[in-house]
Amino acid sequence: MASILSTKILSASQRELLLNANQDFVEYNAIHIEFLPFEIDENFDYYVFTSQNGVNAFLKNKGKSNLTEEKAFCVGEKTKSLLEQNDLKVVEIAKNSLELGQNIEKKYQKSSFLIFSGNLRRQELFDMLIKNNIRYKEVHSYNTYLNYKEYSRVFDGVLFFSPSGVQSFVEENQLNNSWAFCIGETTAAEIKKYTNQVIIANKPTIENVLVQAIKHFRSND
């Protein structure tokens with residue numbers, strides 16, 4: 001039986017995946033999110049969400065506005081699903097911020113964008129917009145704080161869901177011979193600074209990260 005550490009508290013159904021596969025696991029939140037108050041500028045063509053945190057921050061502040069129709073660009077299937085659950089129309093979806101910026105460059109150069117981001121956001125999307133003189137405004141909508149926790153044991157696998165989660169974990173721990181399972185390429189790029197034993201999910205979902213870990217350790221039993 002493999003031992004697995006999840007750097008995110010899992011839902012009941014996600015835990016069931018590991019339990020049904022007879023995997024021993026520990027879970028904790030490597031990061032803490034603080035949502036911020038802000039005004040929503042309605043003078044933009046599209047709203048951009050690079051994470052579910054941006055969506056949740058938007059929803060907390062939406063009541064202050066007079067919005068009747070929101071057209072959204074987003075990163076990831078989970079972000080898309082959360083937007084659609086709250087009746088926001090998704091126009092474009094990409095697997096990461098760089099791909100989203102490339103889509104905007106190709107098809108939306110004359111449009112304007114309101115981007116909901118956090119304090120640890122990446123720069124690629126903004127560089128693409130600046131390079132192409134595309135009008136945008138950034139809304140600092142949430143803060144991400146690293147939640148440090150030290151473990152005395154070594155896990156067979158560690159599950160990572162964001163670059164900031166990686167940064168939080170390695171502050172107090174070493175991977176040694178642990179396998180790192182990552183939700184996407186940007187998270188993998190961060191963990192590759194510390195190990196070459198990296199497996200990336202086929203789809204950028206928590207469930208697929210779990211499936212990759214289960215498949216890996218089942219095949220190595």
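In this text the structure is predicted, and so the values were computed from the model without any measurement. If you read the sequence from its start, that first residue is 1, and numbering goes on from there.
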Step by step, work out the side chain to side chain donor-acceptor pair (under 3.5 Å) result for T186 and N96. CA-CA 8 Å; T186 53; N96 55 48; over 6 Å; no
Residue list, side chain to side chain contact (heavy atoms under 4.5 Å, CB included) with K137, at least two apart or on another chain: D41, F44, L114
Check E77 with K95, please: is the shortest side-chain N to carboxylate O separation under 4.0 Å? no
Counting only N and O atoms by type, is there a donor-acceptor contact under 3.5 Å from the side chain of N132 to the main-chain atoms of E105? no
Ring-ring centroid check F73 F49, cutoff 6.0 Å: no
Between E84 and K89, is there a side-chain N and carboxylate O pair less than 4.0 Å apart? no
Heavy-atom count check: over 12 atoms from other residues, nucleotides or ligands less than 6.0 Å from N176 CG? yes
Side chain to side chain donor-acceptor pair (under 3.5 Å) contacts in which one or both residues fall within residues 50-59, not counting sequence neighbours: S51-Y142
Closest non-hydrogen atom pair between F38 and N61, with its separation: N-OD1, 3.0 Å
Is a side-chain donor or acceptor of S178 paired with a backbone partner of V158 at a separation under 3.5 angstrom? no
Output all residues satisfying side-chain hydrogen bond (donor to acceptor under 3.5 Å, both in side chains) with E207, sequence neighbours left out; order by chain, then residue number. Q14, K78
To the nearest 0.5 angstrom, please state how far the NZ atom of K215 sits from the CG atom of N208. 7.5 Å
S168 side chain to G165 backbone, donor-acceptor under 3.5 Å: no
D24 side-chain N/O to A2 backbone N/O, donor-acceptor pair under 3.5 Å: no
Who clusters with L36? Use side-chain heavy atoms, under 4.5 angstrom, across I, L, V, M, F, W and Y, and order the result by chain and number. none
Between E27 (side chain) and L10 (backbone), is there a donor-acceptor pair under 3.5 Å? yes
Y194 and F169 aromatic centres sub-6.0 Å: no
Taking atom CG of N20 as the centre, report whether more than 12 heavy atoms of other residues, nucleotides or ligands fall under 6.0 Å from it. yes
Contacts of N22 that satisfy side-chain hydrogen bond (donor to acceptor under 3.5 Å, both in side chains) - sequence neighbours left out: none
Classify the angle between the aromatic ring planes of F116 and Y47 as parallel (below 30°), tilted (30 to 60°) or perpendicular (above 60°). parallel
Taking the ring of F126 and the ring of Y136, is the distance between their centroids below 6.0 Å? yes
If only atom types and distance count, is the side chain of N147 paired as donor or acceptor with the main-chain N or O of N29 below 3.5 Å? yes
With K203, which residues qualify under salt bridge (charged side-chain N to carboxylate O under 4.0 Å, His left out), at least two apart? none
From F25 CZ over to L17 CG, what is the distance, rounded to the nearest 0.5 angstrom? 10.0 Å
Pair E92, Y108 - check side chain to side chain donor-acceptor pair (under 3.5 Å), show working. CA-CA 11 Å; E92 288 281 346; Y108 299 93; 2.9 Å; yes
Could you tell me if the ring centre of F181 sits under 6.0 Å from that of F217? yes
